[in-house]
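Here's the structure, in structure tokens; my notes come after.
Note: hydrogens, waters and symmetry copies are ignored here, and every other heavy atom, side chains too, is used. Naming convention: chains lettered A, B, ... in sequence-line order (proteins, then strands); numbering from 1 in each chain. This structure is a prediction, so every number in the text was calculated from the model and none was measured.
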2 protein chains.
Amino acid sequence: MSNSILVVEDEPEIREMLRYSLEIEGFDTREAGDCHEAEKLIAKRTPDLILLDWMLPNISGIKFAKRLKKNELTKDIPIIMLTAKAEEENKVKGLETGADDYVTKPFSPRELIARIRTVLRRGPMTSPDGIVKIGALEINNDSRNVQVNKQVVDFSPIEYKLLYFLATHPERVYSREQLLTFVWGGETYIDERTVDVQILRLRKILAKHGSEPLIHTVHGVGYKFMEKK
Amino acid sequence: MSNSILVVEDEPEIREMLRYSLEIEGFDTREAGDCHEAEKLIAKRTPDLILLDWMLPNISGIKFAKRLKKNELTKDIPIIMLTAKAEEENKVKGLETGADDYVTKPFSPRELIARIRTVLRRGPMTSPDGIVKIGALEINNDSRNVQVNKQVVDFSPIEYKLLYFLATHPERVYSREQLLTFVWGGETYIDERTVDVQILRLRKILAKHGSEPLIHTVHGVGYKFMEKK
DNA sequence: GTAGTTTGTTACAAAAATGTGACGAATGAC
DNA sequence: GTCATTCGTCACATTTTTGTAACAAACTAC
């Protein structure tokens, strides 16, 4: 069973290289030079994953990602963003937008392949109707509604963002620094321990409503969202 | 057991420098000034890794890499590309097809050695999805999960680092000093016997979960990770 | 065999990391 | 303006980690 991957990248050379690396690994690869082309190919056949360059002619990769994530038919296709190092600050936005991972250029093909495999393995954690379900949790990002064991629960803005980020990136450890970047946003100078406090608040709320422990501490590293231990 | 490395580089000075650095580290080094020469040497004996200059007379490094990767006999040889900084901007940008890693000139020998070691070790040891499997062990670095005989096992930060290092560098003896450098980090002043204690802790945990002995003592030298004895 | 090294093992205390409650500035609704 | 909420920070409690010393066991050379 070979997964199909759509590469959206304007520079032919890099595209060529990507195609080459991917096909060696047995992926069924298609290419588009811009978003318009990409849309046509997606319409023809839904790819299992999209490799999306950040900088694209006409529509930027980020806008394209947003559009894909808004469309009912395409919103479950995982996206890996390719960003140049200078654009790194933008990875925040990228993840917020719905990209499932990002890879910073220059990167080694092996790294890319590993990321692809990881994302593909994760499968969709959002069910078709856009609701994240994991453990006793149920998050509807459209209505910003969270249920724990079927009870509606309120979260403050940051609590919600943090919970949503963790819930949509389970099984993976994030350092406090990463969480500050991804959840709080890049430019802040906030104490890392603040993360601890917010984690504590989340845990309290979840526990209060009868959820099993979902947020786990990884000593010396950070936190991880996981259904069972 | 020393790894053999083929250096493909047209500038004699750089070649000389590379040979010197590599041999200090105990690598068995061979050199070629162009791709033609390189092919002959590869035919004679397959190297464990190729250091390939991006700019070469006649055939460019990238083309040569592609060719190697297409050939059934040579496609599994890891390649590290050497690229000049000026070239990085344009062509390289992200990928060199087929290369497993890249190093930008000018580079420190230390960095190069590190890259070489990384590429060499990730050969057959890491399965495609980035999970290290060896013996009863299964280490997922993303989730920082370790399973021993399918049971999830907790490790402290240093335990984890040490285990990960050893598991990704099997079949090779490391002195306490080396382990302190690689696992603890260079600048520490820690008693060498500390390594013994951590090794002991690892062994205990592994044994407790039914693993066969994986960490072996090499009397008078250090420790070695190995699946069977 | 013995003496001298090297390594295994245990216990303990210092250090580091994390959990937790409280406080107050900032914000926004009214 | 008041009031309630949010959320960053601090201080302290608790837990976990980890370096070290001390001694036992294993190994080596002779």
Crowding at CD, A/Glu212 (>12 non-hydrogen neighbours, <6.0 Å): yes

Within the structure, does a side-chain N or O atom of [X] lie under 4.0 Å from either OP1 or OP2 of [N]?
X	N	result
A/Trp184	D/dC7	no
B/Gln198	D/dG19	yes
B/Ser156	D/dT16	no

Using the C1' atoms of five pairs at each end, what's the angle between the two axes of the helix from C/dG1-D/dC30 to C/dC30-D/dG1, to 10 degrees? 40°

Heavy-atom donor-acceptor pair, A/Arg176 side-chain to D/dG8 base, under 3.5 Å: no

Please report the closest heavy-atom contact between A/Ile139 and A/Ala167, naming both atoms and the distance. CD1-CB, 3.9 Å

Need one value for [X]: base, sugar-phosphate or nothing, where a base atom within 4.0 Å counts as base even if backbone is also close, heavy atoms only.
X	value
B/Arg203	sugar-phosphate
B/Tyr223	sugar-phosphate
B/Ile158	sugar-phosphate

In whole Å, I'd like the distance from the CG atom of B/Leu162 to the P atom of D/dT18. 11 Å

Rounding to a whole Å, what distance do you find between B/Asp191:CG and D/dA21:P? 6 Å

Taking the six-membered ring where the residue is Trp, are the ring centres of A/Tyr174 and A/Phe165 under 6.0 Å apart? yes

Please tell me which of the listed nucleotides, D/dG8, D/dT17, D/dT28, lies nearest to the side chain of B/Pro157? D/dT17

Verify side-chain contact (heavy atoms from CB on, under 4.5 Å) between A/Ile199 and A/Thr217, making sure each step is shown before the conclusion. CA-CA 10 Å; A/Ile199 291 280; A/Thr217 305; 5.9 Å; no

Flag side-chain contact, heavy atom, 4.5 Å: A/Ile77 against A/Leu6: no

Quick check: on DNA chain C, is the nucleotide nearest B/Val221 upstream (toward 5') of the one nearest B/Val197, or the reverse? Name the residue that is more 5'. B/Val221

Electrostatic pair B/Glu31:B/Arg19 at N-O distance under 4.0 angstrom: yes

Outer limits of DNA chain C sitting under 4.0 Å from a non-hydrogen atom of chain B, read 5' to 3', are C/dT6 to C/dA11

